[in-house]
Structure formats: C-alpha cells, structure tokens
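Notes follow once the structure below has been shown.
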There are 2 protein chains.
Amino acid sequence: MIPTDHCAACSVREQAVCAALSEAERSELARIGTHRTLHRGEALVDAGDDNYACATLISGALKIAAIDADGTERIVALVHPAGFVGELFAPRAHHHVTALTDSLLCLFPRMDYERAVERYPRLATALLRRSTADLAETRALIDLIGRRTSLARVAGLILIFGRGASNTPCGVAARFDLPLTRGEMAALLGLTIETVSRQIGILERRGIIKRTGTRGMEVLDVPSLEEMVD
Amino acid sequence: MIPTDHCAACSVREQAVCAALSEAERSELARIGTHRTLHRGEALVDAGDDNYACATLISGALKIAAIDADGTERIVALVHPAGFVGELFAPRAHHHVTALTDSLLCLFPRMDYERAVERYPRLATALLRRSTADLAETRALIDLIGRRTSLARVAGLILIFGRGASNTPCGVAARFDLPLTRGEMAALLGLTIETVSRQIGILERRGIIKRTGTRGMEVLDVPSLEEMVD
DNA sequence: CGACACGTTGAGTTACGTCAATACCCGTGG
DNA sequence: CCACGGGTATTGACGTAACTCAACGTGTCG
C-alpha cells in the first residue's frame, strides 16, 4: 500500500493513467499499489507467467521483449516514465518485461487492477487512450523495421531517442545519451550489433552525428536524418 | 442510423465491442452508426485525415498500412470480422485503412463514438480489452518480422493464416486460401514479392506445404512449420 | 592496474533485392 | 469457343547489403 502523500509528490502524477482519477479514487487505487525498484537487467515479468503484476513506470526505462529458441532477444517495445505495463485481461504474459536502467515502479496485482478498471470508468478510458497510443507507436516501429536499409533504421532510432530526450515536444535534442546498448538497439531494429555500430560510424563520417564516448550522441544534422527515414 | 433489428441479426454480435453493452445502450449506439460496404481496394481512411470514422468490421478483411515517400506500402496490421478500426482520441489518422476483400462495416463518426465511450463505461472496457489484444498481436508481428530469415517469416505467416482459417482455436487448417496476394504478404513481412514466392516454393519442395492454384494452400507438415518459426 | 563488458573495425560469405523473362489466371470481346 | 490483355505469380542470373567470424579498442569498476 502506497501512502497517499506519495501520490501527491509523484513525478508522473499528471501524465500517468491515474491522473484521470479523482483524489478519492486515486487514494483507493493507492491502497492496492506498492512501490518497487528494479535494477538494470532485473525482470518484472517473464513470458508465460500466469499471475503477473501490472505497473506504472515512475522513473527509469523498461523493455518488452521475446526470447526465441536459440536465446536471441527481440525487443518489441520500450516503456518510458508514466507508461503503463502489463497486459490486462490476458491469461498469460506474452513477453518478458525487464529494466533497461534502474527503475521505480508503482506496482499493482493484476486482478485487483482489473477490478479497479471495472469500478472506475475514467481509469478505463485513460488506459484506452494510452493503449491506443501504444498501438500507434508499435505500428510505427513496424514501419521503421519493416522494409528499410539498416542505415535508415539506425537513423530513425536516433531520431526517436533524440525526440524523447528533447524538452520541446517533437523537437530533437542536440545532445543526449543513448539509453540502449548496441546489442539492445540491434535487438530492437532486427539487426546485428556490428551492423548497428557500422551505420553509426557512417552517420558520423558523413557529419550527421558525432559520438561522444560510447553512449553520448550529438545530432548535427537533423534534416538529413529525417530524410533518410522517410 | 442502423435499425435495431439489424443488430439483433448481426453476425459479429457476440464478438464485437458492442456485445458488452445492454440492449438499451446498443440501441443508442445504433442510432449514431451506419452500414457501409467497401469493395476490394477501396479506402476507408487515409493517413493524415483529421476527421475520420471508426468502425466495427462485420465481414471481409481490412489492412492498416503506411505508404512511404517512394510509394512502397507497408502493412502494419490486418483486421478481421468483429475487429475495431480507427484510432480514438488521436487528432489525425496515422495509417491508411483499405479493404482487402469486399467488406461490410458498421461505421461511426469518430467524435460521436468517443462521446459514447465516455458515456458507456462497458464500451470503454470492451475497447480496452480489444486494444490490449491488438497490441499483443502487433508485437507478435514485430517478433515475426524481426526474425532473421525470409523462410521463417513466410512459414510464420502461413501458420497465422492457417490458424485463422481453422475452426478449432489454435489448430491449423489443413487447406485454406491465402487472404493476401504475394505483394501484400511481402508488404506485411518486409520482403519482396519474389522472395515470398521463392520461400513458398522452397516449402513446397520440402513437402511441407502444397500450392493449389495461386492462393490455395495445403499444409502437410505443421510441426516443421512451427519449428522454423521458433 | 587489471578484468570484463561493451564497442569498433575488417575480411569473407550468404541471403535477399533487383532486373528481366516467362507463365498463369480470369474477365472481356471478337 | 478462342484470342487477347492485364494483373498476378514464378523462376533465373546477378549484384549488394547485411550477417558471421575474428581481432582489436575502449570505458568502467573493483
């Protein structure tokens, strides 16, 4: 159970699905929730789990992934703060959910949360909004990895991260740190580590970006990046 | 406006989102809906539309797709009967929605439908259920497309269609017609027409499937197909 | 400082795309 | 009925982008 004053001080208070609730409703919801921290690499849900939790991400980042027979990981989505994770109404989890960086979660037993959805219509609409947006984002990801050169995929991913790191909506941050390792970028784009690394090298040689250290990224020429993607 | 007795006779009455509503609520909803037929290739929504409709698919099949700068189509989802289409709460449509075969729709003005969602909580939860399921399906598609070889992708797609054509849930139909042209399969899998055609040829030469005519498909060896996919 | 994970770079190979020719299916009209 | 034509599918030859394998850097933390 989460003390109500935690909600009042919550950093994603305005963006998360619970923002749609009244004070009283949120207090009710807080009663079934707990906080939990995950360290980088730690799993929240494994594929196949039949009684897993759902959660709002408060800080950090998560990945949603499948692991196939030969152990290869395929990332199918990233979760950012204020995002919601956990498949409601599904009997078993379809994917693994793992922390990309140390993360703080507002955790709910799935069954309790489903009941809350039935009880608070505004929670249902808020989740529907978010789910609809997630769906559009996932489809955009298909679009990106569907039928493009590795260079376009890497360019697109850099734009996605740059937009995420920007404070202006839709703008691209000039400098930021990549939140993923090369291996994770490869798992997300359907490429190999080496190919990702090479394409980043090409972009740098063309003067479009500049690497600073291994994760640092400076975007010098946004229009060129955008042109590569569409 | 749809006469209420149409709903009573509707073939997807039990599966569509409106099944969650009471008789009275459904009558209300029917008042803002209309029926429409789409012929193969006809568009329901174009990407960028700012005041588009949403709909429940009664019969036929739709594709949700993006078209990039050079005119290449990338299919990001298929819609089957009882499916819901149209992004609620989004200012503009992200994708094109087009009929794959002649289709019958139960059509609603988007704004009116959004109001209905706010008014009927059970509609919101039903849409949330469907949206959550769509999200899982879309992620499974990413998983398939991200897969390494073209052979595995084609095998996976044949399994998907085979399962869809089967009457037993999760079983694979022994014979069915592919609902997509080679070009559409290619647009969905991120391959070319030629590659799709070749991989189907390989599967046939290995005795795993048998082509009958251009769309007909006979699945001889389901385990082999499944093995290729995972 | 050394260990270890992560990242880069290179050489050789393979799978897929491109281009092009041919075959098939089906509706239309001679 | 067959001939024609357009859309669709198959097949082949060839080039190239991305993968594989392998060696070598680089950053980070004890």
> B:T181 or A:R148: which one's nearest nucleotide on DNA chain D is closer to the 5' end?
Replying inline: B:T181

>> In the structure I gave you, are the side-chain heavy atoms of A:V222 and A:L159 within less than 4.5 Å of one another anywhere?
In response: yes

>> Regarding D:dT20, can its base be found pairing with the side chain of A:R198 as donor and acceptor, where the two atoms are less than 3.5 Å apart?
In response: yes

> Is the shortest heavy-atom distance from the side chain of B:L188 to the side chain of B:L78 under 4.5 Å?
Replying inline: yes

> B:L191 has a side chain; which of C:dG7, C:dG17, C:dC25 sits nearest to it?
Replying inline: C:dG17

> Are there more than 12 heavy atoms of other residues, nucleotides or ligands under 6.0 Å from atom CD of A:E227?
Replying inline: no

> How many Å lie between CD1 on A:I145 and P on D:dA18, as a whole number?
Replying inline: 14 Å

> Given atom CE of A:M228 and atom P of D:dA17, what is their separation to the nearest angstrom?
Replying inline: 14 Å

>> Given D:dT10, C:dT8, D:dA18, identify the nucleotide with an atom nearest to the side chain of B:S197.
In response: D:dT10

> For A:I200, which contact category applies under a 4.0 Å heavy-atom criterion: base, sugar-phosphate, or nothing?
Replying inline: nothing

> Hey, does A:G190 reach any base, or is it just sugar-phosphate, or nothing, if we go heavy atoms under 4.0 Å?
Replying inline: sugar-phosphate

> Whole Å only: how far is the CZ atom of A:R40 from the C1' atom of C:dC6?
Replying inline: 10 Å

> Are the side chains of A:L180 and A:K63 in touch, meaning some heavy atoms are under 4.5 Å apart?
Replying inline: no

> Does B:E194 get its side chain close enough to the base of C:dC19, under 3.5 Å, for a donor-acceptor pair?
Replying inline: yes

>> Just to be sure I understand the rule, does B:G41 reach a base, reach only the sugar-phosphate, or reach nothing, if contact means heavy atoms closer than 4.0 Å?
In response: nothing

>> With a 4.0 Å cutoff (strictly under), does any side-chain N or O of A:T195 reach OP1 or OP2 of D:dC19?
In response: yes

> For the pair made of CD in A:E184 and P in C:dA5, what is the distance, rounded to whole Å?
Replying inline: 15 Å

> Nearest to the side chain of A:T192 - D:dT10, D:dT20, C:dC16?
Replying inline: D:dT20

> Taking for each residue the nucleotide of DNA chain D with the nearest heavy atom, is it B:G183 or A:L151 whose nucleotide lies nearer the 5' end?
Replying inline: B:G183

>> Around atom CZ of B:R215, are there more than 12 heavy atoms from other residues, nucleotides or ligands closer than 6.0 Å?
In response: yes

>> Tell me whether the side-chain N/O atoms of B:R211 come closer than 4.0 Å to OP1 or OP2 in D:dT10.
In response: yes

>> Rounded to whole Å, please give me the gap between CG in B:L189 and C1' in C:dC16.
In response: 13 Å

>> Using whole Å, what does the distance between atom P of nucleotide C:dA15 and atom CZ of B:R153 come to?
In response: 13 Å

> Under 4.0 Å between a side-chain N/O of B:S150 and OP1 or OP2 of C:dC16, yes or no?
Replying inline: yes

